[in-house]
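Below is one structure, written out as structure tokens, with a few remarks after it.
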Amino acid sequence: MSDDILKENEESKPSVSFIEQFIIEDLKAGKNSGRIHTRFPPEPNGYLHIGHAKAICLDFGMAQKYGGKCNLRFDDTNPVKEEVEYIDSIKEDIHWLGFDWEDREFYASDYFGKLFEFAIDLIKRGLAYVDDQPADVISAQKGTPTRPGTESPFRRRPAEESLNLFYRMNEGEFEEGSRVLRAKIDMTSPNMHMRDPIIYRIIKSSHHRTGSKWNVYPMYDFAHGQSDYFEGITHSLCTLEFEVHRPLYDWLVDHLKTDDYRPRQIEFNRLNLNYTMMSKRKLLELVQEGKVGGWDDPRMPTLCGLRRRGYTPESIRRFVDLIGYTKVEAINDVSLLEHAVREDLNLRAPRVFGVLDPLKVIITNYPHDKVENVEILNNPEDESMGTRMVPFCNEVFIERDDFMENPPHKFFRLAPGAEVRLKGAYIIKCESFKKNEITGIIEEVHCTYDPATRSGGDASGKKVKGTLHWVSARHAVDAEVRLYDRLFDHEDPAGQKDDDYRSFLNPDSLKLLKGCKLEPSLGSAKPLDKFQFQRLGYFCVDYDSKPGQMVFNRTVGLKDTWAKINK
RNA sequence: UGCUCCGUGGUGUAAUUGGCAACACGUCUGACUCUGGAUCAGAAAAGUCGAGGUUCGAGCCCUCGCGGAGCAACCA
């Protein structure tokens, strides 16, 4: 750790999070030889969601910023809940977010041997004992947060006896639940976690990495701090709910360590988003019950879901950066997340024409057999993205709600007698329209165009208020478009009584649109390609898309002041 | 009636560690615009949960309240 990095970072940013301040202080004080080493420790029991992104950005981000390293460590101490399926997805999502653990992919299960030895050592030192009581008795003896616990009758069992039993537990001699290993700390501690916590339990299921080698498995508390210690972690960053575990973390590390080095646990606030549910268990239920299409359903807060929705890693990192790290239990506004994607995509997404709800416009004075290619800027924010040619002819589709038979005040779009510009082409005037007498649906709009108003060479001096996007009817590519809205219509779907989050599922969270008309250049777009459909929003190609059967997802709409005026 | 943590515009965060409460999102104006987008300019919005105390001076330190969260899994 060089002073340069410290100095440089101090000057570059006006304020840093309290965690970063701790890190800077530790580095300055030369703690742990002045190095920083973090870890990201997911349990492989589900897919990563945006809450994990917050942790990932901190763990990898701090290491990166201060010249340190960050390990990936799978916290796989409970074989009954964990599956290999999740490991690959977790790795993919971290890489996608833009971070890399290099060759430091570790597993808590790598340390089962060392952990077992440490447990034996504690037993020998009289700091751990085997308890033969069933779970409910142990639980009752723990007391409550307001009443101290009472000691187990097995607490004073000779170390030799505990040792013998612990070995036999691991050999598979005893049933699950019949015995546990407990640390001998303090049954009257005001901190429940210090009341002789269980550190090992018997589990006979096969483990995804160690198979049937072990019959006893360490609890989270008995694995985490020690794993940090084994890996040389200096800053062990985790969420607020582990705050009360810290004394136990420290107790275990203190009894394990043989030198000056020690990892430090620091807690920060978890990411909460309104209208969103972050619980892995409940997200799994949504998947299993078919309430969503899968873990990567574009309405899910999972990283794979957001990716499929069209979110960029940059936008997620930016969002995480905007919300910061504190100790306040904050509920963040989804609109900030949406702002972050818009901000990113605005600079990078090519503009294209797509008509979601087509209405045919016939330009009666335009030659029937003529086709012109008009040149259109791909991105006014970035001229280096160039231009493209878009075919124009006498029949085009416009958006159905861009025409009104009886327009209200301040409607700048097409209406009988009104003039608008077809972006990149000509100004047209609505002369008449065809309406189905029975259904009342407008079937066609008949317009005339003014040849003198061609974009780029308009010498007519005409000014119109409205500019519409359009697609040539003879060249359009057909597509399905999926419009997404928030999955829940309650601000805090998971925070209500019982598990009735299901009743807050938004029935309109997915709108399937078929027969949408897109400009021909979109026919060759690949999954995850991102575009701005001009005047509508940002869209990306879905995995379900095939040549000839394009499928697009709406990532997020554009800000729409007109919609707001009319709400 | 235990322990731990947290209370700053609607939301999320700042405040050079005791010195004029700032920024972003959102909201609302106006300008510009061949996207009712973007951009630009501006406005409204908290006097920092409350009451005391220390101090020339408190969002920051102290005391007592009030409110919220976490902790009683052989989960992580």
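Naming convention: chains lettered A, B, ... in sequence-line order (proteins, then strands); numbering from 1 in each chain.
- One finds no side-chain N or O of A:Ser139 lying less than 4.0 angstrom from the OP1 or OP2 phosphate oxygen of B:C74.
- When heavy atoms are screened at a 4.0 angstrom cut-off, A:Phe319 is found touching no nucleic acid atom at all.
- At a threshold of 4.0 angstrom between heavy atoms, the contacts of A:Val244 include nucleobase atoms, whether or not backbone atoms are also involved.
- The side chain of A:Met192 approaches B:A72 more closely than any other nucleotide in the set B:A72, B:U35, B:A76.
- Distances shown here put a side-chain N or O of A:Thr77 below 4.0 Å from the OP1 or OP2 atom of B:A76.
- For B:C75, one of the phosphate oxygens OP1 or OP2 lies less than 4.0 angstrom from a side-chain nitrogen or oxygen of A:Arg201.
- A gap of 11 Å separates the C1' atoms of B:A38 and B:C32, to the nearest Å.
- Listed nucleotides: B:G12, B:A14, B:C71. Nearest to the side chain of A:Pro145: B:C71.
- Checked against A:Asp228 for a side-chain hydrogen bond (donor to acceptor under 3.5 Å, both in side chains), the options A:Arg73, A:Gln265, A:Arg264 give a single hit: A:Arg73.
- A:Gln534 comes within 4.0 angstrom of a base, heavy atoms only.
- Residue A:Arg535 places at least one side-chain N or O closer than 4.0 Å to OP1 or OP2 of B:G36.
- Base orientation of B:G47: syn (glycosidic angle within 90° of 0).
- Here B:A38 presents its P atom at 4 Å from NZ of A:Lys559, a figure rounded to the nearest Å.
- Listed candidates were B:C34, B:U13, B:A72. Nearest to the side chain of A:Asn269 is B:U13.
- A donor-acceptor contact under 3.5 Å is not formed by the side chain of A:His193 with the base of B:A72.
- The gap from the C1' atom of B:U1 to that of B:C62 amounts to 24 Å, rounded to the nearest Å.
- For A:His339, taking side-chain heavy atoms from C-beta onward, the closest of the listed nucleotides B:C25, B:C5, B:G70 is B:C25.
- For A:Trp562 and B:G36, the ring-to-base geometry satisfies the stacking test (centroid distance below 5.5 Å, interplanar angle below 30°).
- Within the cation-pi definition used here (under 6.0 Å to the ring centroid, within 45° of the axis), A:Arg182 does not qualify as a partner of A:Tyr129.
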Open item on the list: Is there a side-chain contact (heavy atoms from CB on, under 4.5 Å) between A:Leu252 and A:Phe118? Walk through the geometry before answering.
Closed with: CA-CA 10 Å; A:Leu252 289 166; A:Phe118 178 46; 4.2 Å; yes
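- In this model, no side-chain donor or acceptor of A:Glu381 finds a partner on the base of B:U39 within 3.5 Å.
- Mapping A:Asp333 and A:Ser455 onto RNA chain B via the closest heavy atom, the residue that lands nearer the 5' end is A:Asp333.
- Using a 4.0 Å cut-off between a side-chain N of Lys or Arg and a carboxylate O of Asp or Glu, A:Glu314 and A:Arg318 do not qualify as a salt bridge.
- Glycosidic conformation of B:U17 is syn; the angle stays within 90° of 0.
- Taking the ring centre of A:Tyr325 as origin, the terminal cationic atom of A:Lys54 falls inside the region bounded by 6.0 Å and 45° from the ring axis.
- Rounded to the nearest 0.5 Å, atoms CZ (A:Phe531) and CZ (A:Arg348) are 13.0 Å apart.
- For A:Asn332 and B:G12, the shortest distance from a side-chain N or O to OP1 or OP2 is not below 4.0 Å.
- Side-chain nitrogen and oxygen atoms of A:Lys564 include at least one within less than 4.0 Å of the OP1 or OP2 phosphate oxygen of B:U27.
- In the interface, the side chain of A:Arg342 is not paired with the base of B:G37 through any donor and acceptor atom under 3.5 Å apart.
- Heavy-atom distances to RNA chain B give each of A:Thr144 and A:Pro41 a nearest nucleotide, and the one nearer the 5′ end belongs to A:Thr144.
- In this model, the phosphate group of B:C75 is not approached by any side-chain N or O of A:Lys280 to a distance below 4.0 Å at OP1 or OP2.
- At whole-Å resolution of the value, CD in A:Glu241 and P in B:G68 are 20 Å apart.
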